[in-house]
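Heads up, the thing below is written out as structure tokens.
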Amino acid sequence: MRTALFLLLLLAIASVPGSLLPQRGENPVAVDNFILKHQFFGKLLDSLKFFDVFASVWFSAIYILLFISMIGCVIPRTFQHLKLVFKAPPDAPKFLDKMDAYSVIEGANHAESKELALKWFKSKRYRLKIAEQEISAEKGYLRESGNLLFHLSLIILLLGIAFGSLFSTNGEAILNIGDRFLNTPTSYDSISYGRLQSPAGLPPIALTIKDFHATYNPVNNAPSDYKLQVMAQNPFNAPGKPITIKVNSPLTYGATKIYLQANGYSPIVTVRDVNKKVIFSGPTIFLPQDANLTSSGAIKLPDANPQIGFAGTYVPTFSQRFGQAISSAYPESLDPRLLLGVWKGPLGLDSGIPQSVYKLDTSRMVRLGTVALKIGESYNYGFGTVTFNGYTQWVNLQIVHDPGKNLALLGALIALLGLIFSLLGRQRRIWIKFGEVIEIAGLAKTRVSDLEVEIKELLSRINP
Amino acid sequence: MSATNWGYLSNYGVYTAMIFYTVAFVSHAIEFSFAIKSEPVLVGNGNLLEKNKTVFDFTSTRQSGRLGSVMMVLATASLFVGDVARGISAGRAPLGNMYEFSLSGGLAFSLAYLLGLYKFKMRWLGTPVSFSLLLILGTAITLLYRPSAPLVPALKSTWLVIHVTTAILSGGVFLLANCVAGLYLFLEKAERTVGRPKYLAQLPSIETLDQLCYRLVALVFPLWTFAIIAGAIWAESAWGHYWSWDPKETWALITWIAYAAYLHARATVGWKGRKAAWLCIFAGSTFLFNYVYINVWGTGRHTYSGL
Ligand code: HEM
């Protein structure tokens with residue numbers, strides 16, 4: 001038992017670094033910065049897996065040991081307990097006066113008292129063993145049952161977690177209004193699989209993004225509601241069903257759920273070359289930079305001659321305070337502007353170094369000009385023109401497949417149930433011996449004071 | 001009534017509660033301090049020595065203690081009004097930022113005390129409880145106050161309300177258990193060395209305190225378990241994962257494990273008294289740490305403190 005206590009405390013302590021140090025799973029950039037800043041110390045922590053605490057060998061070792069020791073203790077106890085439940089309560093010990101709450105009744109009629117006592121025991125649902133000269137009564141198996149249930153259900157919980165993580169997929173896709181999403185690996189911007197899950201396991205779901213609407217609170221500019229309308233098909237060729245997805249209500253297909261995670265603006269531009277030929281047209285996803293959705297992004301035209309890049313900032317509600325940069329005053333598109341820096345020169349897309357699609361690498365480029373456009377306005381940068389046609393909105397969908405969730409929830413709920421029984425149940429035995437006098441005593445596994453109250457009640461019943 | 005008026009009502013409720021807590025604090029303090037009398041007694045078997053012994057005479061001060069209890073009830077009622085009005089003015093459960101946490105948490109603590117008063121006759125705990133509540137509310141209105149505003153979409157969820165309410169209720173009881181454990185340690189040390197201080201003679205025996213601490217934890221541990229499960233259910237519907245080792249989550253688990261260790265230490269290893277009290281205080285501190293540190297300075301997705 002000391003082992004379990006020790007391992008429990010160890011588990012608590014081992015979780016601490018995982019909450020105080022940045023973790024790779026949550027925030028890889030913060031981890032890299034931390035290591036850069038602390039050099040040797042950072043690298044040391046890294047080699048000891050302090051940035052992946054919850055996936056580390058030592059953390060797993062602690063809880064696996066904990067579970068092994070628990071199973072080793074709880075399984076034999078379960079059998080013991082089952083035996084006990086089906087057996088009659090034990091005979092009265094020889095010396096009742098050594099037990100708790102010992103009392104004696106003198107001069108009462110034995111047969112009558114026995115009758116009354118049995119009636120009381122039955123009304124209290126005690127389990128009884130009745131002999132000529134004594135009654136053994138026992139109650140409160142729920143305590144140990146609950147306790148065993150609790151511990152065994154922790155195993156169910158763990159199985160649910162393990163099963164879920166082995167067969168899970170978790171991916172994200174950014175989509176503009178109007179886009180269609182097919183649940184296949186190539187449609188994702190990023191996706192990760194559980195160890196035993198293969199890409200072929202993705203259910204055939206198709207979504208068409210119909211409309212997205214965000215409502216904001218004009219007092220503090222905070223969002224108050226997001227609503228995404230999609231047309232959903234499952235399987236791909238089924239008739240479409242209109243469905244609304246909100247932040248706390250994902251679209252659910254069995255163990256697969258689709259969540260609305262983030263949103264932003266995609267300005268729509270058309271670029272023409274000197275011959276007025278359209279060389280680019282459509283929405284480009286920009287990433288929000290602040291709470292008022294000042295957003296930034298890049299449009300890269302590797303096929304233009306020369307190569308052209310736009311470094312853009314989209315401002316949904318234009319505002320410029322004196323002497324400060326342009327920014328957005330409100331997250332809704334009330335007075336949108338598109339600020340563009342136009343650059344000429346090698347975009348560096350074929351250099352082999354991975355690039356962010358949201359940023360322009362201007363290190364080898366030349367600036368041709370900057371401009372702030374209203375909707376409908378154009379700008380001629382010498383090698384062509386760019387027109388700001390308007391904007392649409394994008395949403396970031398998170399698609400999660402976790403077949404272990406329900407098992408884990410079941411385990412957790414059973415654990416709760418077991419816990420309640422185990423902490424509130426009180427196991428106790430009461431014996432009555434009919435000898436020269438009537439002797440009554442009891443034994444409580446916990447809370448002797450409650451037993452005393454109960455025996456007092458019994459006494460008043462037998463001997464009013 | 002408009003949202004602004006509900007907001008005013010809330011503030012009045014909180015101020016009124018603070019006045020009542022102050023009176024309660026003074027009354028409870030008077031009950032004990034003025035009950036101390038000294039009277040000469042004879043010591044030694046030869047009846048030769050006469051010494052002043054401190055005795056407690058509550059006949060004249062009991063009224064003051066009762067007044068304190070009445071004040072605690074009124075204060076709790078006012079705080080209840082303040083908390084509910086705050087919720088109505090914001091159009092949601094009053095659990096959106098640190099200010100509202102403090103009101104709701106204080107209310108939970110106060111209700112836990114009233115429950116203890118009713119069930120376990122804990123009037124003796126009135127002085128520290130009313131004082132802690134004054135501190136909590138004082139900090140809330142001076143440092144943490146924020147005008148009320150509706151919630152961002154991710155926080156609009158019934159499960160979240162259930163999660164936070166049960167978590168705060170549990171927190172109130174954890175805090176109470178810590179008070180009891182602290183008192184236990186103090187008295188136990190005193191009794192071992194210089195003897196129980198006179199002004200605390202009225203408190204229950206240290207064995208009772210030890211038991212009380214265990215009962216409080218055993219009572220609230222399932223609630224805390226439920227709070228974590230509710231949180232996981234909410235996280236699943238909002239973030240897509242029921243558990244993501246966010247710092248706040250991790251600390252909730254640490255608190256849970258620490259209390260499980262406390263229950264084990266008592267039920268299976270047989271710890272009692274000092275060791276158990278320290279373990280209880282350790283477990284309670286993990287809760288407080290989570291509440292203060294992670295809310296204010298921590299990173300992660302539970303960034304709703306409003307600071
Ligand atoms: C490592 C193996 C474990 C063993 C051998 C073990 C053993 C036990 C035993 C024998 C009891 C019954 C005490 C009694 O008779 O009243 C108990 C109670 C309990 N255990 Fe465990 N346990 C283990 C792991 C855990 C874990 C991982 C948790 C959860 C964190 C946990 C939480 C509890 C709780 C809450 C109780 C109730 C305490 C009470 O009845 O007052 N146990 N444990």
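FYI, side chains are in, hydrogens and waters are out, and symmetry mates aren't considered; it's all heavy atoms of this structure. A note on names: the letters A, B, ... follow the listed sequences, proteins ahead of strands, and every chain is numbered from 1. Just so we're clear, the structure is a prediction, and the values are computed from it rather than from any experiment.
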Discussion item. A:Y259 vs B:E236, test: side-chain contact (heavy atoms from CB on, under 4.5 Å). Steps then yes/no.
Written reply: CA-CA 10 Å; A:Y259 298 85; B:E236 198 271 338; 2.9 Å; yes
A:N248 and B:A238 have their tightest heavy-atom pair at OD1-CB, 3.0 Å
Greatest number of non-hydrogen atom pairs under 4.5 angstrom with chain B, of A:N170, A:T252, A:I13, A:L11, falls to A:N170
Under 4.5 Å to a heavy atom of chain A? For B:L253 that would be neither
When the 4.5 angstrom heavy-atom criterion is applied to B:W159 and chain A, the contacting part is neither
CD1 (B:I257) and CG (A:L66) are apart, to the nearest 0.5 Å, by 8.0 Å
Rounding to 0.5 Å, atoms NZ (A:K405) and NE2 (B:H241) come to a distance of 7.5 Å
Cut-off 4.5 Å, heavy atoms of chain B, and the answer for A:V53 is neither
Does A:D189 CG have over 12 foreign heavy atoms under 6.0 Å away?
yes
Cut-off 4.5 Å, heavy atoms of chain A, and the answer for B:F226 is both
Smallest heavy-atom separation, A:S15 atom then B:T250 atom, equals O-CG2, 3.7 Å
Minimal heavy-atom distance between B:W239 and A:Q398, with the atoms involved, is O-OE1, 3.0 Å
_Heavy-atom check, side chain of A:I161 versus side chain of B:Y242, under 4.5 Å_ = yes
Bottom line for B:L279: the part with an atom under 4.5 Å from chain A's heavy atoms is side chain
Here the gap from B:F221 atom CZ to A:I420 atom CD1, rounded to the nearest 0.5 Å, amounts to 11.5 Å
Between A:L423 and B:A218 the two heavy atoms that sit nearest each other are CD1-O, 3.4 Å
Here the gap from A:D52 atom CG to B:W245 atom CH2, rounded to the nearest 0.5 Å, amounts to 13.0 Å
*Just wondering, do B:W251 and A:L20 contact through their side chains at under 4.5 Å, heavy atoms?*
yes
dist A:S19:OG -> B:F289:CZ (nearest 0.5 Å) comes out at 6.5 Å
Closest non-hydrogen contact found for B:I229 with A:A412 is CD1-O, 3.5 Å
If one checks every heavy atom of A:A408 against chain B at 4.5 Å, the contacting part turns out to be side chain
Rounding to 0.5 Å, atoms OG1 (B:T225) and CG (A:L413) come to a distance of 11.5 Å
